[in-house]
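Structure first, commentary second.
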Amino acid sequence: MALAALPASAAQRVRGGPAISQGWASQLAADACYARGGDPANDYWYWQDGDNWYAYVTCQGI
C-alpha cells in the first residue's frame, strides 16, 4: 500500500511581530499558530526592521 502525501495545507508559515526582541516575535508567531489550531515547529526565522523584530514559524496541522 502506497503512503498518501500530506495535503499542502498540512503546514503553513505563520508570522509574528512586530516585537521588541526575537523572543517576543517568536512567542507572537507561536501564539498565532495556536490560534489557528496548529502546533508550531521549532524552526523560527527572524528579521529586524528598524527597532522591530519579526519571526516566521512553520505551523503544523493546519
Side-chain angles (χ1 to χ4, degrees):
M1 175 193 295
L3 294 175
L6 290 174
S9 64
Q12 295 180 5
R13 289 187 184 153
V14 177
R15 188 179 84 168
I20 61 171
S21 68
Q22 288 181 352
W24 280 108
S26 61
Q27 184 62 52
L28 292 173
D31 290 347
C33 180
Y34 288 130
R36 296 178 186 191
D39 290 310
N42 193 19
D43 62 347
Y44 294 92
W45 300 278
Y46 301 99
W47 76 96
Q48 189 174 16
D49 181 14
D51 291 334
N52 296 316
W53 281 96
Y54 297 86
Y56 271 110
V57 67
T58 302
C59 188
Q60 303 169 351
I62 60 171

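We use all heavy atoms of the structure for the numbers below, so side chains are in, but hydrogens, waters and symmetry mates are not.
Legend: residues meeting side chain to side chain contact (heavy atoms under 4.5 Å, CB included) with A19, ordered by chain and number and at least two apart, are W24, A25, L28. With sequence neighbours excluded, the residues that form a side chain to side chain donor-acceptor pair (under 3.5 Å) with D31 are Q27. The side chain to side chain donor-acceptor pair (under 3.5 Å) test applied to D43 returns T58, not counting sequence neighbours.
For the atom pair N52 CG and S21 OG, the distance stands at 11.0 Å (nearest 0.5 Å).
Of all the heavy atoms in C59 and G38, the pair that sits closest is SG-CA, 3.8 Å. Considering every non-hydrogen atom in both Q60 and A41, the closest pair reads NE2-CB, 3.3 Å. Contact record, V57 with A30: CG1-N, 4.4 Å, taken as the closest heavy-atom pair.
Contacts classified as ring-ring contact (aromatic ring centres under 6.0 Å, His included) and involving residues 27-51 (residues at least two apart or in different chains) are given here: W47-Y54, W47-Y56.
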